[in-house]
Amino acid sequence: MDSKVSEGGLNVTLTIRLLMHGKEVGSIIGKKGETVKKMREESGARINISEGNCPERIVTITGPTDAIFKAFAMIAYKFEEDITNSMSNSTATSKPPVTLRLVVPASQCGSLIGKGGSKIKEIRESTGAQVQVAGDMLPNSTERAVTISGTPDAIIQCVKQICVVMLESPPKGATIPYRPKPASTPVIFAGGQAYTIQGQYAIPHPDQLTKLHQLAMQQTPFTPLGQTTPAFPGLDASPPASTHELTIPNDLIGCIIGRQGTKINEIRQMSGAQIKIANATEGSSERQITITGTPANISLAQYLINASSPDPDLHGKNTFTA
């Protein structure tokens with residue numbers, strides 16, 4: 001079975017789903033859809049791209065195994081061409097690998113990993129591609145991301161072997177497919193609660209999103225300060241902490257602190273920043289607020305402090321920069 005699939009001799013219809021960022025999707029579609037049209041015609045595979053203004057899109061490739069391999073080859077070489085083009089404008093000397101993310105039903109991931117990781121090790125060694133299976137499912141689905149990176153040839157060989165595993169071990173039970181969420185309103189997560197920004201205010205969001213967040217948190221690539229995450233070795237996942245100071249008129253400080261400190265505690269929780277309010281000094285009409293955290297934490301804290309204040313002048317003075 002293995003050799004037949006590798007030679008594209010198995011006439012089995014298979015569907016492979018890929019997760020791509022907007023920029024990657026743009027590259028696959030091409031000007032006026034010419035690139036994807038060419039890929040469809042030359043490979044004989046059906047290539048569908050999910051709709052929507054999402055930061056991520058799903059690209060579904062369906063067809064006989066040989067058509068799928070041709071489509072994959074064309075995508076891998078297109079991505080390599082994009083990397084080569086971007087390298088010509090940069091000073092980087094080492095060429096980054098081509099990376100594709102497959103979306104695979106979680107019930108098939110065990111077969112892909114193999115007993116004690118034996119199958120995935122065999123795939124890595126025989127193809128030369130790097131293969132990573134995400135530990136957690138994608139939000140609101142029963143699918144996992146499988147990231148493959150390497151040269152286009154290594155990726156094509158790797159996809160062939162993954163197809164063999166998927167054909168030999170069909171998914172068990174019902175699969176809830178991953179559907180990327182549209183990026184319409186920004187959502188902030190704090191203390192297990194989801195908030196959406198509406199105008200100047202952060203509004204607590206329905207429970208469903210909070211549950212989604214808890215799922216997302218299980219697989220977030222970020223780790224505590226100073227640690228690196230295994231998925232991205234050598235990269236520091238958290239930006240360094242910095243400090244920002246604001247001065248607030250005394251008569252507005254009450255709006256920001258809130259009754260028994262409820263407002264300021266809410267801002268701390270939502271922004272993830274440390275916020276210290278200096279004691280009132282005699283003869284001064286202003287109070288000092290010190291915000292410490294990552295640039296994103298500080299920006300959000302400033303935004304929420306401004307939103308708590310009824311004074312339009314303050315909004316002008318202390319507007320945040322993202």
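- With hydrophobic clusters built from ILVMFWY side chains whose heavy atoms lie under 4.5 angstrom apart, Ile156 does not share a cluster with Val165.
- Under the 4.5 Å side-chain heavy-atom criterion for grouping Ile, Leu, Val, Met, Phe, Trp and Tyr, Met39 is connected to Leu14 within one hydrophobic cluster.
- Here the closest non-hydrogen pair linking Ser271 and Leu300 is CA-CD2, 3.7 Å.
- The nearest pair of heavy atoms linking Ala67 to Ser43 is CB-O, 3.2 Å.
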Full working for side-chain contact (heavy atoms from CB on, under 4.5 Å) between Ile257 and Lys263: CA-CA 5 Å; Ile257 295 172; Lys263 192 78 205 162; 6.0 Å; no
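- Within the model, atoms CG of Asn265 and OG1 of Thr262 stand 7.5 Å from one another, a figure rounded to the nearest 0.5 Å.
- Using modelled atom types, one side-chain atom of Arg17 and one backbone atom of Tyr178 make a donor-acceptor pair closer than 3.5 Å.
- Results of the side chain to side chain donor-acceptor pair (under 3.5 Å) test with Thr15 over Thr62, Asn48, Thr60 single out Thr62 as the only residue that passes.
- The backbone N or O of Leu138 lies less than 3.5 Å from no partner atom in the side chain of Glu143, so there is not a single donor-acceptor pair.
- Between Ile289 and Ile253, some side-chain heavy-atom pair lies under the 4.5 Å cut-off.
- Closest heavy-atom contact between Pro171 and Thr175: CB-OG1, 4.1 Å.
- Electrostatic pairing of Glu34 and Lys37 does not count as a salt bridge here, judged by no charged N lying under 4.0 Å from a carboxylate O.
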Test side-chain contact (heavy atoms from CB on, under 4.5 Å) applied to His21 and Arg101, step by step: CA-CA 10 Å; His21 294 301; Arg101 288 181 299 162; 3.4 Å; yes
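- Contact check on Glu122 versus Lys119 returns a salt bridge, with a Lys/Arg side-chain nitrogen under 4.0 Å from an Asp/Glu carboxylate oxygen.
- Residues Ile75 and Met20 are in side-chain contact: their nearest non-hydrogen atoms beyond the backbone lie under 4.5 Å apart.
- Looking at Asn297 and Thr294, their side chains do bring a donor and an acceptor atom within 3.5 Å of each other.
- With rounding to the nearest 0.5 angstrom, the NZ atom of Lys160 is 12.5 Å from the CD1 atom of Ile68.
- Checked by atom type and distance alone, the side chain of Thr142 pairs as donor or acceptor with a backbone atom of Ile176 at under 3.5 Å.
- You'll find the side chain of Val103 stays beyond 4.5 Å of the side chain of Leu18, heavy atoms only.
- Residues Ile58 and Arg179 are not in side-chain contact: their nearest non-hydrogen atoms beyond the backbone lie 4.5 Å or more apart.
- When all heavy atoms are compared, the tightest approach of Thr99 to Glu24 is O-OE2, 4.3 Å.
- Interatomic distance, CD1 of Ile267 versus OH of Tyr303, reported as 12.0 Å (0.5 Å rounding).
- A donor-acceptor pair is defined here as one N or O able to donate and one able to accept, closer than 3.5 Å; such a pair exists between the side chain of Gln108 and the backbone of Met166.
- Remark: the backbone N or O of Ile83 is paired with a side-chain donor or acceptor of Ser86 at under 3.5 angstrom.
- Going from atom CD of Gln132 over to atom OG of Ser149 covers 7.5 Å, rounded to the nearest 0.5 Å.
- Hydrophobic clustering of Ile, Leu, Val, Met, Phe, Trp and Tyr side chains at less than 4.5 Å, counting indirect connections, unites Val159 with Ile113.
- Within the 4.5 Å cutoff, no side-chain heavy atoms of Leu112 are placed close to those of Val131.
- Counting heavy atoms from C-beta on, the side chains of Cys158 and Ile123 come closer than 4.5 Å.
- To the nearest 0.5 Å, atom CD1 of residue Ile248 and atom CD1 of residue Ile256 are 4.0 Å apart.
- In this structure a side-chain-to-backbone donor-acceptor pair under 3.5 Å is missing from Arg144 to Ala106.
- Counting only heavy atoms from C-beta outward, the side chains of Pro96 and Met87 approach each other to under 4.5 Å.
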Steps toward side-chain contact (heavy atoms from CB on, under 4.5 Å) verdict (Ser126, Gln157): CA-CA 9 Å; Ser126 63; Gln157 290 307 316; over 6 Å; no
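- Distance OG/Ser111 to CG/Leu167: 12.0 Å, rounded to 0.5 Å.
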Worked check of side-chain contact (heavy atoms from CB on, under 4.5 Å) between Ile61 and Phe69: CA-CA 10 Å; Ile61 304 172; Phe69 300 152; over 6 Å; no
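- For Ser284 (side chain) and Glu286 (main-chain N/O), a donor-acceptor pair under 3.5 Å exists by modelled atom type.
- The shortest side-chain heavy-atom distance between Ile155 and Pro97 does not fall under the 4.5 Å cut-off.
- Shown here for Ile291 and Ala301, the closest heavy-atom pair between the two residues is CG2-CB, 3.8 Å.
- Hydrophobic clustering, with ILVMFWY side chains joined whenever heavy atoms are under 4.5 angstrom apart, groups Ile277 together with Met270.
- Under the 4.5 Å side-chain heavy-atom criterion for grouping Ile, Leu, Val, Met, Phe, Trp and Tyr, Ile29 is connected to Val98 within one hydrophobic cluster.
- For the pair Arg40 and Ile47, the tightest heavy-atom approach, listed with the atom from each and the gap, is NH2-O, 2.5 Å.
- Remark: the Lys95 side chain and the Thr84 side chain contain an N/O donor-acceptor pair separated by less than 3.5 Å.
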